[in-house]
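Heads up: the structure comes next, in structure tokens.
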Amino acid sequence: MVVRAGMLASASAIALFLGMPAHAQEASATAGVPADGPEQAGDGTVSRDAAINEGDEIVVTGVRASILGALNVKRNATQVVDSIVAEDVGKLPDNNAIEALQRVSGIQVTNRAGGEAAAISIRGLPDALTTMNGRNIFTASGQAFALADIPANLVKRIDVYKTRAADQIETGIAGQIDVFTRRPFDFNGFALSGVARGIYNEQADSFNPNLSGLISNRWETGIGDIGVLVSGSYARTKYRDMSVTAGAMVPFVTENPPPGFTPLQRVFPETGAWQPGTERGLPTAAGSTFLLGGRQVPYYLSRDAVFSPDVAGTRDRPAVNAAVQWSPNSSSTYTAEFFWNQFRATTQNSLFFSFVDWWGSLGANPASTIELYPDTNIIKARSVGDVFGFNSGDYTRSKTDSFVYAFNADWKVGETGRITADLSYQNSRFDTQFLAMRLNRVARRIDVDFNTRNGIPAYNFDNNDLLVDPTQWTVGEFYDNANRSKGDAKTLHLDGENKWDDGFLRRVKAGIRIDDRNAVDSVRAQDAGVLGRRFSELDPGLQLTNKDFFDGRASVPTSWLVPNGTYIYENADAIRQLYKGSVAPNFLLSDQLRLTDVFDINEITMSAYALADGQFDLFGRPFHVQAGLRYTDVDTNFVFTDRYNGTVTRASNGTARFLPSATLRYELTDDFRVRFNYGETLRRPAFGDLNPNPNLVGDLTQIGRGSGSSGNPNLRPTVAKNYDLSAEWYFERGSAIYGTLFRREIDGLVVPLTSVLTIPNTGLNTNVFAVTRPENASNGVLKGIELGLTYFPTYLPSLLDGFGFQGSLTLLDSNQNIPLTDSAGNVTGETQSAFFGVSDLSYNATLAYEKGGLGARLSYVWRKAFLSGNEARLFANPIGVWRRPESSLDFQLTYAVTDRLGLTLDAVNLTSQTQQNYYRFEDAGNADQFNLGTTLLSRTFAVGLRYSFD
């Protein structure tokens, strides 16, 4: 602590000393100031001379201006940076920040359900540091911000950093995504803009508004320049996600069973014949055997169930951004900012679920009820009699409110010095409630083909019409859960720098960052058993029937009956009382419900850095050197409460580390440059991963045990050593080709280890659980290459003049060691695996056109199959869950009716792609025989009107 205090005090003094003097010639990574981007003019606006080389001024507008603006950011940056630039107010042509980023080299979108792109990775890694105007932001008790919640209409620019300097925040192995909003000094005077779009979601058959507006002005007054800006947006999305899924694999005896078993009887783990959750699963060769009842017995592998989630959701996102700037003189600028965004969502999942594992009604010839894949023991199709199933009405209601308040001061001292100070406070809260009621029945027969074509299963009952008959259903279990997550942070940045125009040493910069972060998670849960009454006996308002499921793209039931989630929510206490009066006497009503704080964490981070830039001539060409060192110290104190027995645990830990960085940039010619970067970054454990108390789920699908997860308070940060070598050739005005070789050596990767534990008195329907906990038990290497091209030909004839192309390709190779454990959680060996979320190959291509007020952009993104995660260790299939290749073809069209008024047309997922997954580990498993789920992705069309005056 003494060393830390001394270092921080010294850094603070250096920062103040270096603030002698400064015309800011290069962007700063200080909060509130764009990091490592285009040069800043005295009023805080981007200098045109910094965005292009002298004598190469490019005067363009529209789509081309957006692409070239991003190229200029990349060209002038010290680090490896890619950007998305809005060519004008409200003109980022996407619904949210993630959809805008999917065309950046090295970016891969990992989730397109819910009517939008919702998650991304950078070079295959998911933990990018999210910042807004240089400030770290987060959602609730998490350590990252939900980028999908940032409306594209409020964005000025997004920078994606693949490398980091010492003056940038140290967390996020993947990189940093910095979102910039607009400020009043971005404009010369009065500015007004508005965007109104209507978006049609084909799958949900819904029209959705997307609105935004901005007003800004600046004045010259007796006390200096003053500017005020207010912008806001509102977006609503009604969507529908429909999926068909063939369940997990489990073993069955054959038509010729051993003593004590009947033909095709399911074999549970408790027999000792097999261990669930192994990496490769059970062998699938024809005639494979296991030891059952003291003898080697052949077995079949088949699915335990089939199910169809049908999720109808509504999502609302209002947001407001406001900024006030004051520049009393040419040497100082003060900025006060406010940002608020809200996320509100409701979903009704009309879930159909049927077991297909019953063996009691096979008739005289069991072999006639099954079909095997050739040369395997895997059942492709079967008929099952007297089959149990349930439908569930799952209703979720959630809301997030996030606020950021910030004040930034930027002082120029003398001719070459600069000091910046930034103070911010943010808080964020997320509340969610989950209510679910089940309906149960036993059907006479179900016929299943687990893969009819391209991974899509088929399943139908002897009479599908009975699925919508309330007299056929018995009211089953009821689930009543809620969560609340809160987080806040107070952060101070203080930075100082001094610059010189001559000599080797061109800049010295130092600073400190102090962050005081709090996070609290609270939960409650209560479950009730089977009510046992006919569904037809209850209020008809509780009945909800879906229709037109899966758009006729699979041979499955298209309509079924479930409890109405909205009715349950609006009559929650009446439903609770219904169960309380019969099967759950201890059930609580609304006025008795309380949430338990399962963790309460305070984390204080203190960081200090120093860096220097130098330049000299090598063979008559400028060679730029930047070197820096960042020291970070983290003290974390936590209080954990066991939600099942109330036990309170207090703990603390701390880490401190020096993180060096260095960048070399050599300009071989005016148009060709190479860069080399080395840096070290951290990934801190998620707060929820530190909680040692288990979060348990009962045996929901009759597999013989429940599941659960717990944290590990001894987790340490994951550390990466990062190497990047890039080359860029700006071969024509506004055109470039570039490539980057990179390598990440990562120590202390967190992997899940599973143990089978007996935990009594939980109130759940079992005492046996497979509980997964995180451990720093893996090391890995991620390496690859990025290639990119931006090309706007200057020689095309008049009609074709305006065409251009932007594209990139990313090749990745990842590998990490994965510990193997027994059922008690003891490590018995290890294997190798790719990283989760990493596609070996991905690319994007955009054809752009800009001519006479008409702008168009046709974009295609594609990524290869990738490992998305692991299945729960409860089954007999390979453990890995892989996603099939994914793609999206999108189109944007704009037309300038006047200089101020424009029309827009957008289409997303023109080819109606699906999202599919399957089981695989190494050479075990494949997309055909081990197919899992298929989700239809929404296709959307939008028309809009845009007005701007500035």
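These figures come from a predicted structure and were not determined experimentally.
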So, do [X] and [Y] sit near enough that their side-chain heavy atoms are less than 4.5 Å apart?
X	Y	value
Asp186	Lys156	yes
Asp167	Leu611	yes
Asn133	Thr181	yes
Leu893	Leu854	yes
Ile107	Ile122	yes
Val508	Glu497	no
Leu668	Arg673	no
Phe835	Ile746	yes

Does the [X] side chain pair with the main chain of [Y], one donor and one acceptor, at a distance under 3.5 Å?
X	Y	value
Thr898	Arg900	yes
Ser887	Trp862	no
Arg665	Ala77	yes
Lys162	Arg123	no
Asn76	Asn72	yes
Thr130	Ile137	yes
Asn210	Ala235	no
Asp178	Gly134	yes
Arg418	Lys412	no
Thr810	Gly106	yes

Answer yes if the side chains of [X] and [Y] hold a donor-acceptor pair under 3.5 Å, and no otherwise.
X	Y	result
Tyr795	Asp801	no
Thr131	Asn136	no
Asp890	Ser888	yes
Glu886	Gln108	no
Asp950	Ser193	no
Glu732	Tyr730	no
Asp82	Ser105	yes
Arg183	Gln325	no
Thr740	Asp724	no
Asn909	Thr940	no
Thr718	Arg683	no
Arg164	Gln79	no
Ser859	Thr846	yes

Can you confirm if the NZ or CZ of [X] lies within 45° of the ring axis of [Y] and under 6.0 Å from the centre of its six-membered ring?
X	Y	answer
Arg157	Phe180	yes
Arg621	Tyr666	no
Arg857	Tyr849	no

Value rounded to 0.5 Å, distance of [atom1] in [X] from [atom2] in [Y]:
X	Y	atom1	atom2	value
Ser842	Leu812	OG	CG	6.0 Å
Phe676	Leu725	CZ	CG	7.5 Å
Leu229	Asn321	CG	CG	6.5 Å
Glu170	Tyr609	CD	OH	12.0 Å
Asp813	Lys783	CG	NZ	5.0 Å
Arg507	Gln615	CZ	CD	12.5 Å

Step by step, would you call Leu129 with Ile177 a side chain to side chain contact (heavy atoms under 4.5 Å, CB included)? CA-CA 6 Å; Leu129 170 70; Ile177 298 175; over 6 Å; no
Counting neighbours of [atom1] on [X] that are heavy atoms of other residues, nucleotides or ligands and sit closer than 6.0 Å, is the number greater than 12?
X	atom1	answer
Lys721	NZ	no
Asp899	CG	no
Leu618	CG	yes

Taking all heavy atoms of [X] and all of [Y], pick out the closest pair and write down the distance.
X	Y	answer
Leu782	Ser814	CD1-CB, 3.6 Å
Leu154	Phe339	CD1-CE1, 4.4 Å
Ser83	Val73	OG-CG1, 3.1 Å
Ala166	Arg630	O-NH1, 2.8 Å
Leu787	Gly739	CD2-CA, 4.0 Å
Phe941	Ala907	CD2-CB, 3.8 Å

Apply side chain to side chain contact (heavy atoms under 4.5 Å, CB included) to the pair Leu629 and Leu659, showing each step before the final yes or no. CA-CA 6 Å; Leu629 183 66; Leu659 301 168; 5.9 Å; no
Could you walk me through whether Thr904 and Arg946 pass the side chain to side chain contact (heavy atoms under 4.5 Å, CB included) test, one step at a time? CA-CA 8 Å; Thr904 65; Arg946 184 166 58 215; 3.8 Å; yes
Any chance you could lay out the side chain to side chain donor-acceptor pair (under 3.5 Å) test for Glu786 and Ser808, step after step, and finish with the verdict? CA-CA 7 Å; Glu786 291 175 355; Ser808 66; over 6 Å; no
Exactly one of Asn677, Thr163, Asp613 clears side chain to side chain donor-acceptor pair (under 3.5 Å) with Thr663, and that residue is Asn677
Under 4.0 Å between a Lys/Arg side-chain N and an Asp/Glu carboxylate O for Asp906 and Arg197? yes
SB check Asp159 Lys74 (cutoff 4.0 Å): no
For the residue pair Tyr843 and Tyr860, does the interplanar ring angle fall in the parallel (under 30°), tilted (30 to 60°) or perpendicular (over 60°) class? tilted
Of Phe792, Tyr791, Phe672, which is the lone residue that meets ring-ring contact (aromatic ring centres under 6.0 Å, His included) with Phe731? Tyr791
